[in-house]
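Working notes for the structure below.
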Amino acid sequence: LLQEICRITVEIGDYPSSWIGYVDHQPRRMLRPVAQFGFLKQREESIPLSGTTDPNREEPPVKSLRTRQPVIISDLRHSTCKSPWCVEAIERGYLAMIALPLFYNNEEFGSLMIYAPNASLFEGDEFILLSQLATDLSYGIHTLRTRMERDRAIRQIERTSADLELAYDATLEGWAHALEMRERETAGHSRRVVEMTLSLARICGITEAELVHIRRGALLHDIGKMGLPDSILLKPSSLSAEEWVVMRQHPMYAYRLLNSIPYLRAAMDIPYSHHESWDGSGYPGGLKGEEVSVAAHMLAVVD
């Protein structure tokens with residue numbers, strides 16, 4: 001875009017050369033050439049935006065940024081400007097130059113420099129037109145920078161969210177493995193339950209977005225058992241009627257554990273409802289038929 005601005009300025013305005021410098025703030029404030037078109041040696045070195053005490057050697061674009069006003073040298077032959085660019089412009093036969101500051105609100109972007117073959121060219125309508133060009137260019141740069149910063153922020157949020165999801169899921173797998181170890185469950189039980197539940201869900205046409213929650217719910221389907229005493233959870237013989245009352249509380253324990261975790265709420269129907277039955281004889285709520293989610297029914301079949 002900046003290169004095109006320089007080209008159009010030269011070709012449409014019939015100027016011999018123009019260039020644009022950007023303000024860099026690190027490690028110190030400098031004006032860095034970023035685009036150029038026309039017959040003038042390409043400047044590559046950055047210009048300090050502070051330091052000189054000699055007004056005759058202050059670069060016109062630096063002064064334009066300092067004053068936030070266009071700087072015009074109507075006739076270089078009679079100018080006291082001794083900056084390198086003024087000297088080179090005189091050597092090439094240019095007689096006038098203008099430096100237009102580029103800024104929006106309180107943010108300084110850079111400077112647009114234009115050279116002319118005739119003295120006193122940057123006056124009247126020409127000056128008004130170029131000043132408007134600098135204003136429009138400043139707004140365009142501000143808009144593009146804002147959009148780029150927004151897009152960068154969105155990408156960073158997406159990367160952070162993806163990293164968090166990986167960390168969350170690794171944590172869930174750790175919980176499931178810890179429960180397997182405590183319950184002395186067959187190694188890999190949770191993993192197989194997850195894989196088979198997801199396979200069944202895909203056959204049933206469940207969307208990929210929903211599969212994420214089903215996977216988490218399947219991993220944690222028995223997480224409520226973490227709240228049961230070992231005397232019940234690890235009892236080698238049949239449970240008594242009183243012990244079954246306690247055992248049937250584990251879906252409620254899962255609810256209390258997961259309900260306070262926002263990203264797991266969508267997965268909570270499996271740990272809470274996978275012991276419900278189609279005929280209403282299950283627990284903890286005695287739900288029946290389609291009162292129970294399809295995901296919880298699938299997990300119950302697989303489990």
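Because the structure is a prediction, the values reported are computed rather than measured. Below, each value reflects all heavy atoms present in this structure, side chains not excepted, and no hydrogens, waters or symmetry copies.
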Applying side chain to side chain contact (heavy atoms under 4.5 Å, CB included), run through Val71 and Ile98 and close with a yes or a no. CA-CA 6 Å; Val71 174; Ile98 184 171; over 6 Å; no
For residues 257-272, pull every pair meeting side-chain hydrogen bond (donor to acceptor under 3.5 Å, both in side chains), keeping only residues two or more places apart or in separate chains. Asp269-Ser293
For [X] versus [Y], what's the shortest heavy-atom pair and its separation?
{"X": "Pro16", "Y": "Pro117", "answer": "CD-CD, 3.6 Å"}
{"X": "Leu133", "Y": "Thr9", "answer": "CD2-OG1, 3.9 Å"}
{"X": "Ala201", "Y": "Leu211", "answer": "CB-CD2, 3.5 Å"}
{"X": "Asp279", "Y": "Lys288", "answer": "C-CB, 3.8 Å"}
{"X": "Leu31", "Y": "Pro33", "answer": "O-CD, 3.7 Å"}

Gap separating the [atom1] atom of [X] from the [atom2] atom of [Y], nearest 0.5 angstrom:
{"X": "Leu65", "Y": "Leu100", "atom1": "CG", "atom2": "CG", "result": "10.5 Å"}
{"X": "Leu95", "Y": "Arg77", "atom1": "CG", "atom2": "CZ", "result": "5.0 Å"}
{"X": "Ser17", "Y": "Arg92", "atom1": "OG", "atom2": "CZ", "result": "8.0 Å"}
{"X": "Ser190", "Y": "Leu220", "atom1": "OG", "atom2": "CG", "result": "8.5 Å"}
{"X": "Arg202", "Y": "Ile214", "atom1": "CZ", "atom2": "CD1", "result": "9.5 Å"}
{"X": "Glu291", "Y": "Trp278", "atom1": "CD", "atom2": "CH2", "result": "10.0 Å"}

Donor-acceptor pairs are to be reported for all side-chain atoms of residues 119-132 against protein atoms at under 3.5 Å, with residues two or more places apart or in another chain.
from	atom 1	to	atom 2	distance (Å)
Glu126	OE2	Tyr15	OH	2.2
Ser131	OG	Phe127	O	2.9
Gln132	NE2	Asp136	OD1	2.9

Can you find a heavy atom in the side chain of [X] that is under 4.5 Å from one in the side chain of [Y]?
{"X": "Leu228", "Y": "Tyr253", "result": "yes"}
{"X": "Leu137", "Y": "Leu2", "result": "yes"}
{"X": "Tyr283", "Y": "Met252", "result": "no"}
{"X": "Cys204", "Y": "Val294", "result": "no"}
{"X": "Leu219", "Y": "Arg216", "result": "no"}
{"X": "Asp230", "Y": "Arg182", "result": "yes"}

More than 12 heavy atoms of other residues, nucleotides or ligands under 6.0 Å from [atom1] of [X]: yes or no?
{"X": "Tyr255", "atom1": "OH", "answer": "no"}
{"X": "His142", "atom1": "NE2", "answer": "yes"}
{"X": "Lys235", "atom1": "NZ", "answer": "yes"}
{"X": "Met196", "atom1": "CE", "answer": "no"}

Is it the case that the side chains of Glu210 and Thr207 hold a donor-acceptor pair, with the cut-off being a distance below 3.5 Å and no angle test? yes
In terms of side-chain heavy atoms, does Thr160 have a donor or acceptor partner in Gln156 at a distance below 3.5 Å? yes
His274 and His221 aromatic ring geometry - parallel, tilted or perpendicular at 30°/60° bounds: perpendicular
Has [X] got a side-chain atom pairing as donor or acceptor with [Y]'s backbone, closer than 3.5 angstrom?
{"X": "Thr197", "Y": "Leu299", "value": "no"}
{"X": "Ser79", "Y": "Leu76", "value": "no"}
{"X": "Gln3", "Y": "Gln36", "value": "yes"}
{"X": "Glu276", "Y": "Leu287", "value": "yes"}

Are [X] and [Y] within salt-bridge range, i.e. N to O under 4.0 Å?
{"X": "Arg145", "Y": "Glu149", "result": "no"}
{"X": "Glu180", "Y": "Arg191", "result": "no"}
{"X": "Arg68", "Y": "Glu108", "result": "yes"}
{"X": "Arg7", "Y": "Glu4", "result": "yes"}

Test of understanding: with side chain to side chain contact (heavy atoms under 4.5 Å, CB included), list the residues that count as partners of Ser231, not counting sequence neighbours. Pro229
Under the criterion salt bridge (Lys or Arg N to Asp or Glu O under 4.0 Å), I'd like the reasoning laid out for Arg66 against Glu59: C-alpha separation, chi angles, the key distance, then a yes or no. CA-CA 11 Å; Arg66 179 172 58 80; Glu59 300 276 15; over 6 Å; no
For the hydrophobic clusters of this structure (ILVMFWY residues joined by side-chain heavy atoms under 4.5 Å, transitively), does one cluster hold both Val34 and Ile8? no
